[in-house]
Amino acid sequence: MQPPRATASPLKSFASSDRFLSEIASPSTLRPGYVLLGDEGFLYLRCRQGVLAALAPEATREFSLHDLDLADITIFDILDRAQTPSLMAPFQVFFVRDLKLLYGRGSRKAEFAAIDAYFRSPNPQALILFVADHLRIPNDLRRMDYQDKERYDRIRETLGDWCGFVELARVAEADAIKWVIAAAEARTVRFDPDAARELVDALGADMMLVSSEFEKLCLYVEGKGRVTLGDVETMVLAAKQRSLYELTDAISQHDRTRALLLLHGLLNASDGGEDAAIGHLYMLARTFRQMLIILEKNVRDSRAIWAVLWQGFRMPPFAAEDLIRQARRYKSRRELTRALRLVARADLELRSSPANKLLVLERLILALATEPTHPTYTPTHQFAMEL
């Protein structure tokens with residue numbers, strides 16, 4: 001998926017990221033560190049795109065851009081790298097993921113003391129961006145979940161003296177509609193207001209999905225210069241189908257962050273939201289069963305796929321090549337049967353009326369997108385879903 005275009009916007013939902021991008025564009029206002037708070041993937045990509053354009057141009061990006069994860073490297077090593085000038089690039093940018101690990105169990109006095117020491121005398125040729133995408137920030141901050149509010153306040157207490165804060169909150173539906181119309185105008189395309197409203201409504205105002213389908217719609221009407229309600233109605237059903245295969249693509253690549261973003265997009269695009277979870281699990285199980293057959297029959301092209309999958313158990317034609325590619329990422333039949341068992345276990349849990357259906361789905365997606373390191377789970381009771 002291409003990053004969304006970074007266009008100037010007076011929209012309220014974009015205000016925090018707009019301020020950040022204006023600071024990034026001016027060396028006099030640039031801070032040595034920022035915290036990107038929230039799991040709104042669209043706004044995160046918008047901010048990242050702006051940082052790369054301003055501070056890590058293509059010519060030096062190999063040496064100036066560092067994507068790091070606190071699960072793999074200590075904060076001490078990150079700060080040491082940031083403090084060390086680069087001989088290959090005039091400026092360095094550090095994106096630091098998994099910030100939540102600094103706030104886990106146990107004392108982190110040494111880590112926060114090191115952060116404090118660095119920011120008292122930071123390298124003026126480096127920028128550190130902490131990514132706090134474990135927080136979910138609603139468009140109205142007053143409606144933030146209690147646990148997320150506690151985490152939010154804790155990050156402000158510990159990093160607020162040194163870092164700028166960028167709130168990547170969910171985009172309001174009205175702002176999403178205005179964005180679609182304005183972004184189309186920037187490309188000399190007229191996007192009818194009722195078409196923009198239908199696009200945003202059909203995709204649950206999930207901006208990652210909206211921006212992706214916006215790009216496809218602009219290509220779809222190329223030469224006509226206008227997107228109508230009929231164009232959106234033609235494309236959105238296909239968008240909902242494609243989102244499932246995009247999710248299994250992220251799972252098969254063990255891309256946990258992208259998989260979770262796509263899960264939320266799939267739920268937001270569903271009329272029933274979380275209540276449609278069992279239907280999504282059925283489709284996931286069906287897709288993994290299709291991949292299992294593809295792997296077992298050693299299918300290598302879409303012409304052969306129709307011979308091994310019977311009528312009524314075939315995927316849409318547009319998904320055939322993608323599904324073959326995804327199936328071949330699995331090393332053995334055992335990995336795919338493990339995936340089916342995980343889906344079945346989640347199905348049983350959902351049918352038991354859990355307190356939080358979203359948590360069940362998120363745990364499932366994380367398990368599916370994690371490469372197995374232990375023996376396959378063997379069920380001890382009958383699952384609700386037939387494998």
Side-chain angles (χ1 to χ4, degrees), residues 1-4 41-42 45 199 202-204 206-220 234-270 276 279-340 342-343 346 361 364-372 387:
M1 181 185 297
Q2 290 296 317
F42 171 83
L45 288 179
L199 176 64
L203 298 176
D206 184 284
M207 285 301 296
M208 287 295 286
L209 284 176
V210 169
S211 62
S212 175
E213 294 311 307
F214 169 83
E215 294 290 335
K216 294 167 189 171
L217 279 162
C218 287
L219 290 174
Y220 181 69
T234 298
M235 295 291 286
V236 165
L237 179 59
K240 291 182 178 180
Q241 289 180 318
R242 278 195 298 270
S243 61
L244 172 70
Y245 297 107
E246 289 175 357
L247 174 60
T248 55
D249 181 66
I251 288 170
S252 67
Q253 295 187 74
H254 306 301
D255 188 340
R256 298 169 60 169
T257 300
R258 179 170 161 246
L260 284 175
L261 285 171
L262 288 166
L263 169 68
H264 285 287
L266 194 63
L267 293 175
N268 288 337
S270 300
H280 292 315
L281 289 191
Y282 170 78
M283 291 304 296
L284 266 180
R286 177 187 172 92
T287 304
F288 278 114
R289 288 176 68 196
Q290 290 168 335
M291 284 196 276
L292 180 59
I293 294 171
I294 290 169
L295 188 67
E296 287 182 330
K297 300 296 184 180
N298 197 27
V299 175
R300 294 181 176 272
D301 61 68
S302 57
R303 290 172 299 177
I305 204 169
W306 311 122
V308 299
L309 296 180
W310 53 94
Q311 191 168 0
F313 191 61
R314 295 172 180 170
M315 71 288 296
F318 71 81
E321 292 291 347
D322 284 345
L323 212 56
I324 292 170
R325 184 172 61 253
Q326 291 174 33
R328 297 185 66 81
R329 289 180 184 140
Y330 291 92
K331 301 180 180 68
S332 67
R333 181 182 189 278
R334 187 178 184 181
E335 289 188 18
L336 285 167
T337 54
R338 166 188 175 269
L340 283 165
L342 287 170
V343 174
L361 292 173
L364 170 65
I365 295 305
L366 287 173
L368 290 172
T370 300
E371 192 164 2
L387 296 184

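What you are looking at is a predicted structure, and each value in this text was computed from that prediction instead of being measured.
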Checklist entry - Under the salt bridge (Lys or Arg N to Asp or Glu O under 4.0 Å) criterion, do Glu335 and Arg338 qualify, and how do the steps go? => result CA-CA 5 Å; Glu335 289 188 18; Arg338 166 188 175 269; over 6 Å; no
Spacing of [X] atom [atom1] and [Y] atom [atom2] [to the nearest 0.5 Å]:
X      : Y      : atom1 : atom2 : value
Tyr220 : Glu213 : OH    : CD    : 12.5 Å
Arg286 : Leu281 : CZ    : CG    : 15.0 Å
Ile294 : Leu323 : CD1   : CG    : 4.5 Å
Leu340 : Leu368 : CG    : CG    : 9.5 Å
Tyr245 : Met283 : OH    : CE    : 5.5 Å

Checklist entry - Are the side chain of Ser212 and the backbone of Met208 linked by a donor-acceptor contact shorter than 3.5 Å? => result no
Item to check | Pairing residues for Leu366 by the side-chain contact (heavy atoms from CB on, under 4.5 Å) criterion, not counting sequence neighbours | outcome: Arg256, Leu260
Write down the atom of [X], the atom of [Y], and the distance for their closest heavy-atom approach.
X      : Y      : value
Arg258 : Glu246 : NH2-O, 3.7 Å
Ile251 : Phe288 : CG2-CZ, 4.0 Å
Asp301 : Val299 : O-CG1, 3.5 Å
Tyr330 : Ser252 : OH-CA, 3.6 Å
Leu364 : Leu342 : CD1-O, 3.5 Å
Leu244 : Leu284 : CD1-CD2, 4.2 Å

Checklist entry - What pairs of residues pass the salt bridge (charged side-chain N to carboxylate O under 4.0 Å, His left out) test when at least one of them lies in residues 324-333, not counting sequence neighbours? => result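 Checked against salt bridge (charged side-chain N to carboxylate O under 4.0 Å, His left out) - neighbours excluded - the pairs reaching residues 324-333 are Asp249-Arg329, Glu296-Arg333, Asp322-Arg325, Lys331-Glu371.
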Checklist entry - With sequence neighbours excluded, what pairs up with Gln290 under the side chain to side chain donor-acceptor pair (under 3.5 Å) test? => result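 Checked Gln290 against side chain to side chain donor-acceptor pair (under 3.5 Å); zero matches.
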Item to check | Audit row: Arg300, Ile324, side-chain contact (heavy atoms from CB on, under 4.5 Å) steps and yes/no | outcome: CA-CA 7 Å; Arg300 294 181 176 272; Ile324 292 170; 5.6 Å; no
Checklist entry - Please walk me through it: do Ile365 and Leu262 pass side-chain contact (heavy atoms from CB on, under 4.5 Å)? => result CA-CA 10 Å; Ile365 295 305; Leu262 288 166; over 6 Å; no
Item to check | From CA spacing to verdict: side-chain contact (heavy atoms from CB on, under 4.5 Å), Val343, Thr287 | outcome: CA-CA 11 Å; Val343 174; Thr287 304; over 6 Å; no
